[in-house]
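Note that the coordinates shown come from a computational prediction; the quantities given were computed from them, not determined experimentally.
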Amino acid sequence: MAHVPASERRPQLVQAAIDLMTREGIAAGSTRAIAAELGVAQATVHYTFGTKKDLYRAVVEQLKSDFVGEVRAASPGDGAFGEQVGTLVHALWEAATGEHGRCVLLSEFGALAMRDPDMREIMLGLQHDVEGTATEMLGALAAAHGLTLALPARRIAVHFLNGFDGLTARHLTLHRPGDRPDRETLAALDLLVATTVGLCLGTPAEIRDAL
């Protein structure tokens with residue numbers, strides 16, 4: 001391929017890595033294989049990123065950007081607060097479990113993080129950013145409705161995301177990316193929306209009594 005500046009080569013290599021690892025798994029994502037996916041020399045990967053950790057960090061950052069971008073682009077509509085939360089949650093579900101396999105790839109990175117300190121650092125950063133984004137979106141939605149949340153937005157967001165991660169893991173264990181969720185998963189997702197809205201709207205005393 002003709003010479004391309006590193007600033008342009010970087011996103012090309014990131015996308016090549018995502019395409020390759022989505023098809024064949026993280027284990028297949030060697031620098032040699034990623035270079036071959038794009039049709040460049042292996043040295044190009046090392047020149048552009050320095051280390052494999054830097055490449056993986058860029059891949060996770062791109063996956064996060066794509067994921068959050070899809071959710072932010074979803075319109076919550078004009079309904080009541082609870083309806084709008086439900087709309088955004090279902091948009092989040094589509095972004096997480098769609099045919100692109102983004103959630104599966106992130107799950108593989110998460111499994112790798114359990115035995116790789118460098119990957120653990122990267123995934124902890126991802127978790128912090130996703131929780132921050134969920135907190136900001138929940139707070140902004142409440143403010144738009146003139147609501148005072150019964151619990152801190154971050155606490156509600158972390159609670160919701162823990163339940164959501166469990167449901168996506170269940171779905172992707174039983175189905176392929178892009179498949180429709182089964183009836184039990186849909187019911188559990190609706191229940192998660194309802195309990196999240198309840199945590200937002202309930203009085204602090206009622207929430208303490210329920211814990």
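- Remark: side-chain polar atoms of T44 are not paired, donor with acceptor, to backbone N or O of V40 under 3.5 angstrom.
- Heavy-atom minimum distance, I34 versus A17: CD1-CB, 3.7 Å.
- A continuous path of hydrophobic side-chain contacts links L199 to L192 [ILVMFWY only; heavy atoms under 4.5 Å].
- Counting only distance, with no hydrogens or angles, the side chain of S65 and the backbone of E61 share no donor-acceptor pair below 3.5 Å.
- One distance of note links OG1 of T135 with CG of L161; it measures 8.0 Å at 0.5 Å rounding.
- Counting heavy atoms from C-beta outward, K64 and T133 have side chains that stay 4.5 Å or more apart.
- Taking 4.5 Å as the limit, every side-chain heavy atom of V104 sits out of range of all side-chain heavy atoms of M21.
- If you chain together hydrophobic residues whose side chains sit under 4.5 Å apart, L189 and F81 fall into the same group.
- Checking E131 against Q127 by side-chain atom types alone, a donor-acceptor pair falls below 3.5 Å.
- Without hydrogens or angle criteria, T185 side chain to P181 main chain gives no donor-acceptor distance under 3.5 Å.
- Distance alone, capped at 3.5 Å, is enough to place a donor-acceptor pair between the R120 side chain and the M114 backbone.
- A salt bridge links E136 with R72: the closest approach of a Lys/Arg side-chain nitrogen to an acidic carboxylate oxygen falls below 4.0 angstrom.
- One finds the CG atom of L13 at 7.0 Å from the CG atom of L55 (value rounded to the nearest 0.5 Å).
- T168 is listed as a side-chain neighbour of W93, based on a closest heavy-atom distance under 4.5 Å.
- Salt-bridge annotation for R170 and D182: present, with a side-chain N of the basic residue lying under 4.0 Å from a carboxylate O of the acidic one.
- Taking all atoms of both residues into account, the shortest heavy-atom contact from V193 to G86 is CG1-CA, 3.8 Å.
- Within the 4.5 Å cutoff, the side chain of Y56 has heavy atoms near those of the L112 side chain.
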Test M119 against V60 for side-chain contact (heavy atoms from CB on, under 4.5 Å), laying out the working first.
CA-CA 10 Å; M119 202 67 232; V60 170; 3.8 Å; yes
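- Scanning both residues, L201 and A150, for their nearest heavy atoms gives C-CB, 4.4 Å.
- When the side chains of ILVMFWY residues are joined at heavy-atom separations under 4.5 Å, either directly or via intervening members, I26 and M123 end up in a single hydrophobic cluster.
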Check against side-chain contact (heavy atoms from CB on, under 4.5 Å), V85 and V89
CA-CA 6 Å; V85 171; V89 169; 4.2 Å; yes
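- Residues Q62 and V14 approach most closely at CB-CG1, 3.7 Å, considering heavy atoms.
- Between T22 and D19 the shortest side-chain heavy-atom distance does not fall below 4.5 Å.
- Note that the CZ atom of R57 and the OG1 atom of T51 stand 8.5 Å from one another [nearest 0.5 Å].
- Linking Ile, Leu, Val, Met, Phe, Trp and Tyr whenever their side-chain heavy atoms come within less than 4.5 Å puts F164 and L151 in one cluster.
- The two residues A58 and F49 have their closest heavy-atom pair at CB-CE2, 3.6 Å.
- Around atom CZ of R176, no more than 12 heavy atoms belonging to other residues, nucleotides or ligands sit under 6.0 Å away.
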Begin with the C-alpha distance, continue with both residues' side-chain angles, and end with the deciding distance and a verdict on salt bridge (charged side-chain N to carboxylate O under 4.0 Å, His left out) for R23 and E37.
CA-CA 12 Å; R23 290 197 317 269; E37 178 81 6; 2.9 Å; yes
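- Residues Q12 and R9 share a closest heavy-atom pair of OE1-NH1, 2.7 Å.
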